[in-house]
Every structure is written in structure tokens, then in C-alpha cells.
2 protein chains.
Amino acid sequence: MTKNKENNTEALILDAAKDIFQHKGMEGARMQEIADKAGINKAMLHYYYRSKQKLFEAVFKSAINLMAPKVVEIINTEEHLFDKIRNFTDKYITFISKHSYIPLFIINELRRNPEILKTTLDHNFDVSVRDKLREEIAILIQNKEIKPISAEQLFLDVISLCVFPIITKPLMTVILDKNNKQYDEIITQRKKYVADFIINAIKY
Amino acid sequence: MTKNKENNTEALILDAAKDIFQHKGMEGARMQEIADKAGINKAMLHYYYRSKQKLFEAVFKSAINLMAPKVVEIINTEEHLFDKIRNFTDKYITFISKHSYIPLFIINELRRNPEILKTTLDHNFDVSVRDKLREEIAILIQNKEIKPISAEQLFLDVISLCVFPIITKPLMTVILDKNNKQYDEIITQRKKYVADFIINAIKY
DNA sequence: GTCTATAATTTGATAGAC
DNA sequence: GTCTATCAAATTATAGAC
């Protein structure tokens, strides 16, 4: 069937493009390299995606749509905040470790083009999710379960502690004088460590 | 004097190259753009630095030599750990805010070329600094002033909480629904907030 | 839909005059 | 040391056969 073949090649190209773009960025990536990785001809990239820019945008959207739901998913559960934190740090560190190139890819592209998110993220991360977290925190503060902190700062803390040590692995292995395996073990330990750290920091 | 003129043009080129490379990366930067910014001819870049790669390396070394001493400086004081943390987070967030493009520049280049640090950083961040921090933490644990934590994890915590929210500003303004000014205010508040957060997390 | 061949442009680098 | 002019290579994009 023609339709299957179309989808197959198109998906093949996108997979190859993800790999190359996410590792080398927009400027560092070469269309020829993507074609080679996909095992097809360079002309096909233009047949399906018209230009390098359009292909890149498809990859970027795919990256955003992979990452954003993971954050929302856990915030939207009905657990106690402390359980949310434990769940999130564990799952998110595992997830980011598997896709360690994606956060940097997103951060970099956003610096090049700060507008690109406005057409992509708004639907995933809408007002209700933010408000829900703010309310939950407000109640816990009232009940004196946690210290008076802002939801924004806590959100930044959680994401920072999970993501930054993973994306800076090449730097941190040198600074901390660890080999790859030793550093991976440090990251594994963080799955539990970070949750305890945060909860100790905010609880009364 | 000829010598002055030499240094002047050379420095002019390096300044322009810092600006362009640190914002656009190795592949995104254009020699022509650097020449324009320096107000001189493109041929001059090659006269002083021979190739794009060599010019880039000069910029990278300059970035490392700007960042690394700041970390060592504060760790090497004789203050109590809690004061070190307060001092460091305050000064480091201020410093990184002023040079917000440099951390990402270093992280990205290290991913492209993980070997480059071995000839640059080793002298700045040597064994004695690491050992000193480890010892100090060991003593505080023994004295039951802080919970039993590893120096490596604490180091990662401190750097992550300071740097990540700054380099992800374009992403976080959208997620948290803040404008530039509001987000800068959040970062300013972190100068005190982060220290309290960390100390609460580790103290008995 | 897929391929080969090639056009069109960009860009790092150099030659050579002053 | 500095400039103009130009080369040579790389790279995106397209034309056209099958």
C-alpha cells in the first residue's frame, strides 16, 4: 500500500533527524548525515519536509511533546505533595537519563528562537496545572506542614535538582573526578536523595 | 607603538568572538559576523588566530578561566559551611546572571568535545579543593551539625539550584507564565532563598 | 516515491597589493 | 598590519529521469 510506504519513510526520516539534530543542533546537523542515518537519499528529506528548517521544527515539536506531558502527568495526581515529589524526582531522573540530550536541545533552541514555544507548549502546560500546584502548596503552608515558600521557587528547585546534574555530566565528571560509571551511580542515588533533600528543606 | 596596536586588534577580535561564539556556538557563528562586530576585516581574524577553530578555542579557554576561579574562591575560605553556602549562592547567582550565556556555552562545547577540559580545567580545580570540602563536611557530620550527605551530591545541589534557573529563563518564563521582569525578580529572590533551602535540607 | 546529477549559495581561508 | 578580491570546499535545495 502506498500510504504505508509514505508513513514509513517519513517516520524513518524523522527518527534519523531526531538523532542528528538533538546531538548536533540546527547548525551542526547535516542533511546528508540525516539521509545516511535513515538509509535513504538526501532528496527524500526535501520531498517529505521541504527544508532543513521545517524538518528541524518537526523534531523540536516532537521533543517538546515528549517532555511536557511527563511534568504535567505527576503534578496532576491526587497524592500528597511529598509523595508527588518522591514520585516525580524518581521518574523524572530516570526519564531524563534515558533522553539526556533532549533538555539541552530544547534549552538551546529556545535561546535561538524564544518565540517557538508559544505555538507548541501552551496547550500542554495550561493555567489549571499551575493553579492546582499553587493551591496545594497554599493549603500545606496554612496547615503548617511546610514552610512558607512560593510554588515557582519550589518548581524551579525540583526541576533544577533533577535535570542539571544530568546535562552537565561531561563537566561534572571532570570537576568531581569521577569516571562515567561512578557518575552514573551518583545520578542513580539522586533518585531517592533529591526527594529527601527537598522535603527536608521545606517541611516544618 | 606597534605592540599596542597588535594587542588592541587582537583583543578587539577576541571580544567580538566571545560575543558571537557564546551566543551562537561554534557552528552557528560566522567569521564575517565576528569581523563586523570587531569593526575590522575578515582577513584579520585569520591573521591573528589562523582558523575559526583556534579562535573558538581561545574563547572557550577564556570562558573557563572566568568561571572556574569563582567556584574555587569561595570553597577555599575558612568560613563555616553554612556561611560558605550563603556567600556562594548569593555571589554566584549574581555572577551567572551577568554572564548568563557562558554556562550553556561551556556545557554545549563539552558535549561536542569532552576532551577539551583536560587541558584547561585541571589546574584550576585541583584535588586539594575537593578534599578540603570533603573534610569539612565529614567533620560537620561527625559533630551532628548536618545530616550524613556526600560532598558530591551537595556540590551538585548547590550548582544546580544556582545555575539551572538562569540558563532556562526562556523556557521557564513560558512554563511559569512570567514576563522578563517578573522572572528576574524570582532570580533575585533566589540569592537568599537558595541558601536557606539548602541549609534547611542538610542541617539537623 | 525514489534516485542521480547539478544548481545556487554560503563560508572558511588565502593571495597579494599597500 | 590591514585591506580587497578571490578561491575552494561544503551544503542546502531542486530538476528531471525512472
Side-chain angles (χ1 to χ4, degrees), chain A residues 1-63 105 108-109 111-113 116, chain B residues 1-63 105 108-109 111-113 116:
Chain A
M1 213 159 91
T2 315
K3 191 73 187 301
N4 272 341
K5 250 194 166 180
E6 267 179 41
N7 283 333
N8 194 29
T9 302
E10 197 169 339
L12 225 61
I13 292 172
L14 191 63
D15 281 347
K18 278 181 199 170
D19 192 35
I20 304 297
F21 275 130
Q22 287 170 1
H23 281 91
K24 309 203 167 181
M26 171 65 179
E27 286 87 3
R30 295 290 158 249
M31 294 293 266
Q32 185 61 58
E33 204 179 354
I34 294 170
D36 290 347
K37 179 141 226 136
I40 49 108
N41 193 275
K42 197 172 51 130
M44 287 285 90
L45 305 188
H46 291 93
Y47 178 79
Y48 282 103
Y49 291 91
R50 238 193 55 208
S51 71
K52 186 182 182 182
Q53 182 60 34
K54 291 255 193 296
L55 179 54
F56 181 86
E57 281 163 19
V59 171
F60 184 79
K61 288 203 175 183
S62 146
F105 171 72
N108 282 328
E109 181 52 20
R111 214 155 254 267
R112 270 196 349 134
N113 177 11
I116 195 172
Chain B
M1 212 158 88
T2 316
K3 191 73 188 300
N4 272 341
K5 250 193 164 178
E6 268 180 38
N7 285 333
N8 195 27
T9 303
E10 196 170 338
L12 224 62
I13 292 172
L14 191 62
D15 281 348
K18 277 182 200 171
D19 191 35
I20 304 297
F21 275 131
Q22 287 170 4
H23 281 91
K24 309 202 168 182
M26 171 64 178
E27 286 86 3
R30 294 290 158 252
M31 294 295 267
Q32 186 61 57
E33 203 179 354
I34 294 171
D36 290 347
K37 179 139 226 136
I40 48 109
N41 193 274
K42 196 171 52 132
M44 286 286 90
L45 305 188
H46 290 94
Y47 178 79
Y48 281 103
Y49 291 91
R50 237 192 57 204
S51 72
K52 185 181 182 183
Q53 182 60 33
K54 290 255 193 296
L55 179 54
F56 181 86
E57 281 163 17
V59 171
F60 184 79
K61 288 202 175 184
S62 147
F105 171 71
N108 282 327
E109 179 51 19
R111 214 155 255 266
R112 270 197 350 136
N113 177 10
I116 195 171

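We use all heavy atoms of the structure for the numbers below, so side chains are in, but hydrogens, waters and symmetry mates are not. We name chains A, B, ... by the order of the sequence lines, and we start the count at 1 in each one.
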| remark: Here the distance between atom P of C:dG12 and atom CE of B:M44, to the nearest Å, is 17 Å
| query | With sequence neighbours excluded, what pairs up with B:E57 under the side chain to side chain donor-acceptor pair (under 3.5 Å) test? | reply | B:Q53
| field | Atom pair distance, as rounded to whole Å: OH in A:Y49 and C1' in D:dT12 | value | 18 Å
| query | For B:E33 and C:dG12, what is the distance between atoms CD and C1' respectively, to the nearest whole Å? | reply | 15 Å
| request: Could you state the atom-to-atom distance from CD of A:Q32 to P of D:dA9 in whole Å? | output: 18 Å
| request: With sequence neighbours excluded, tell me which residues meet side chain to side chain contact (heavy atoms under 4.5 Å, CB included) with A:D15. | output: A:K18
| said: Tell me the interatomic distance from A:R30, atom CZ, to C:dT9, atom C1', rounded to whole angstroms. | reply: 14 Å
| task | Applying side chain to side chain contact (heavy atoms under 4.5 Å, CB included), name anything that partners B:R50, two or more places apart in sequence or on another chain. | result | B:K54
| message | Give me each pair satisfying salt bridge (charged side-chain N to carboxylate O under 4.0 Å, His left out) with a member in residues 26-40 of chain B, each pair once, sequence neighbours excluded. | response | B:D19-B:K37, B:K24-B:E33, B:E27-B:R112
| query | Can you list the residues that meet the side chain to side chain contact (heavy atoms under 4.5 Å, CB included) rule with A:A38, with sequence neighbours excluded? | reply | A:A16, A:I40
Short N/O separations, protein against nucleotides 13-16 of chain D, under 3.5 angstrom:
| from | atom 1 | to | atom 2 | distance (Å) |
| --- | --- | --- | --- | --- |
| D:dA13 | OP2 | A:H46 | NE2 | 3.1 |
| D:dA13 | OP2 | A:K52 | N | 2.7 |
| D:dA13 | N6 | A:K42 | NZ | 2.9 |

| query | Could you give the CE-to-P distance, from B:M26 to D:dA10, as a whole number of Å? | reply | 14 Å
| query | What nucleic acid atoms does A:A29 come within less than 4.0 Å of, heavy atoms only: base, sugar-phosphate, or nothing? | reply | sugar-phosphate
| note | Atom CG of B:D36 and atom P of D:dT4 are separated, to the nearest Å, by 12 Å
| query | Can you check the B:I34 CD1 to C:dT10 P distance for me, whole Å? | reply | 18 Å
